[in-house]
Amino acid sequence: MMSAQQHQNRHRTRLASARAAGDREAAVEALHEIALARMVQGDFSGALGLAEEALREASGAASGIRARARYVLGRIQLNRGQSAAARDHLDVSADVFAALGDHSQAGEATQQLAQALIAEKQMDAADEALRRAARHFADAGQQDRVIGVLRHRALVLSGMGRSKQSLAVLSEAVRLAGRLEDDAARMQLNLDMLAFSGHNAQPPAGTSHDELFIEAMQKGEWAIAGHAALGRAGNLAQRGDLKGAITDAIAARRLALRSVDVVGYLGACLMLAVLYERDAEPVEVVTVLLTCQETMGRRFGPEARLPALLYLDSLAMRWGTERFEAVIRTYRSQFPEE
């Protein structure tokens with residue numbers, strides 16, 4: 001398997017060859033590949049410079065090439081926090097792709113545009129952009145991507161306080177996933193519906209956390225099973241069954257590690273810490289958080305440790321220094337450093 005640097009070197013060779021041959025389209029695409037690789041590595045400044053170079057390279061090229069250049073530049077600007085600049089590039093590129101009949105690219109650009117609008121707190125405009133993105137993907141015959149956009153819309157609507165609309169959109173996505181026989185998407189969407197409905201809602205038959213957990217385990221969908229276990233833990237905690245909730249949260253943490261689900265793992269760790277704290281198990285709280293920050297840092301990078309570290313910092317303030325230090329001493333006596 002090639003390293004990220006080897007990939008970039010290969011694209012630089014392609015770039016040099018394309019320029020030597022006067023192949024503008026290939027040169028622009030090579031610049032895009034290098035820019036996007038830089039973005040993934042966290043080098044946003046370098047990625048932005050390369051994307052701007054690609055846009056200059058595309059000057060005078062066919063409209064589709066220019067639209068692609070604007071799309072990539074807008075995407076990188078959005079990831080760098082420059083939402084206003086990104087919005088303009090993404091809006092123009094989406095319109096050009098649509099005019100060219102490239103509905104797949106139009107859908108991608110429009111969905112990214114929605115993200116820029118969300119960053120600008122233009123939520124109604126973002127919802128409308130997601131509606132257009134769904135139509136583009138449907139016109140492209142990419143029904144699986146329609147499901148993703150519908151889920152995105154539901155999250156936006158939920159954030160706007162429009163819970164009924166959000167659930168209606170999720171229901172539409174569930175029906176589409178069922179028609180496509182996409183069990184993983186259907187189960188995840190049903191979990192979303194449970195989360196958006198609240199603990200007191202009565203789920204339709206076959207969609208409770210218990211039923212979704214069993215189905216996901218049977219089908220080997222470990223991440224979804226973990227999310228279902230975490231939802232079940234929340235229900236049990238609300239009913240006062242802390243021991244049962246802790247058991248389910250531990251299962252959710254294990255399943256998240258098995259599926260390399262960073263969000264699920266962090267969520268399970270933080271819920272476990274809360275549950276142990278409610279259950280008056282301070283050493284277990286510290287153990288969970290220290291293990292979490294070490295695992296997150298090792299597997300997902302140093303910045304991923306921050307949520308667990310912030311929780312640890314809050315303990316000293318809430319418990320008081322004396323109690324916190326006593327708990328740390330107990331922890332160290334139980335788990336001495338090798």
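The residues of the chain are indexed from 1 along the displayed sequence. Everything numeric here is computed off the predicted structure, so don't read it as measured data.
- Residues L48 and V40 do not share a hydrophobic cluster, clusters being chains of Ile/Leu/Val/Met/Phe/Trp/Tyr side chains in contact below 4.5 Å.
- I224 and M217 are members of different hydrophobic clusters when ILVMFWY side chains are connected at heavy-atom separations under 4.5 Å.
- Salt-bridge annotation for E53 and R38: absent, with no side-chain N of the basic residue lying under 4.0 Å from a carboxylate O of the acidic one.
- When atom types are taken as modelled, the side chain of D102 and the backbone of A98 share no donor-acceptor pair closer than 3.5 angstrom.
- Residues S333 and T330 approach most closely at OG-O, 2.6 Å, considering heavy atoms.
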Below 3.5 Å, can you tabulate the donor-acceptor pairs from side chains in residues 299-312 to any protein atom, sequence neighbours excluded?
unit_1	atom_1	unit_2	atom_2	d
R305	NE	Q293	OE1	2.8
R305	NH2	Q293	OE1	2.8
Y311	OH	E277	OE1	2.9

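- Scanning all heavy atoms of the two residues, the minimum distance from Y265 to R253 falls at CE1-CG, 3.4 Å.
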Determine all donor-acceptor pairs shorter than 3.5 Å in which one atom belongs to a side chain in residues 58-66; sequence neighbours excluded.
unit_1	atom_1	unit_2	atom_2	d
R66	NH1	A61	O	2.3

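- One finds the CD atom of E221 at 12.0 Å from the CG atom of L212 (value rounded to the nearest 0.5 Å).
- Qualifying ring-ring contact (aromatic ring centres under 6.0 Å, His included) partners for H152, counting only residues two or more places apart in sequence or in other chains: none.
- Looking at T291, its side chain does come within 3.5 Å of a backbone N or O of T287 through a donor-acceptor pair.
- Distance check: D192 CG to L150 CG gives 11.5 Å after rounding to the nearest 0.5 Å.
- Applying the ring-ring contact (aromatic ring centres under 6.0 Å, His included) rule to H136 yields the partners H103; only residues at least two apart in sequence or on another chain are considered.
- Among L315, V285, V286, the single residue meeting the side chain to side chain contact (heavy atoms under 4.5 Å, CB included) criterion with V327 is V286.
- Under 4.0 Å is where a charged nitrogen must lie from a carboxylate oxygen, and between R70 and D91 no such pair does.
- When every heavy atom of L31 is checked against every heavy atom of A54, the shortest pair comes out as CD1-CA, 3.7 Å.
- Within a 6.0 Å radius of CD in E25, no more than 12 heavy atoms belonging to other residues, nucleotides or ligands are found.
- Aromatic ring orientation, F97 versus Y71: perpendicular (interplanar angle above 60°, classes split at 30° and 60°).
- Side-chain atoms of T110 do not come within 3.5 Å of backbone N or O of A133 as any donor-acceptor pair.
- A salt bridge links E29 with R68: the closest approach of a Lys/Arg side-chain nitrogen to an acidic carboxylate oxygen falls below 4.0 angstrom.
- No side-chain donor-acceptor contact under 3.5 Å links S158 to the backbone of L155.
- Closest approach of I76 and A47 over heavy atoms only: CD1-O, 3.7 Å.
- Separating the CG atom in L176 from the OG atom in S171 is a distance of 12.5 Å, to the nearest 0.5 Å.
- Between the CZ atom in F213 and the CD atom in Q218 there is a gap of 10.5 Å [rounded to 0.5 Å].
- L36 approaches V72 most closely through the heavy-atom pair CD2-CG1, 4.2 Å.
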List the atom pairs, with distances to 0.1 Å, where a side-chain N or O of residues 227-234 and a protein N or O form a donor-acceptor pair under 3.5 Å, not counting sequence neighbours.
unit_1	atom_1	unit_2	atom_2	d
H227	ND1	Q188	OE1	3.3
H227	NE2	D261	OD2	2.7
R232	NE	D248	OD1	3.4
R232	NE	D248	OD2	2.9
R232	NH1	D210	OD1	3.1
R232	NH2	D248	OD1	3.0

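- Shown here for M193 and L167, the closest heavy-atom pair between the two residues is O-CD2, 3.9 Å.
- Using a 4.0 Å cut-off between charged nitrogen and carboxylate oxygen, E57 and R24 do not count as a salt-bridge pair.
- Here CD1 of I250 is found 12.0 Å from CG of L255. Values are rounded to the nearest 0.5 Å.
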Just distance, no hydrogens or angles: give the donor-acceptor pairs under 3.5 Å from side chains in residues 140-149, sequence neighbours left out.
unit_1	atom_1	unit_2	atom_2	d
Q142	OE1	S104	OG	3.0
Q142	NE2	S104	OG	3.4
R145	NH1	E108	OE2	3.1

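- L113 contributes atom CG, which lies 6.0 Å from atom CZ of R132 (distance to the nearest 0.5 angstrom).
- Between the side chain of T295 and the backbone N or O of C292 there is no donor-acceptor pair closer than 3.5 Å.
- A donor-acceptor contact shorter than 3.5 Å is absent between the side chain of D127 and the backbone of M123.
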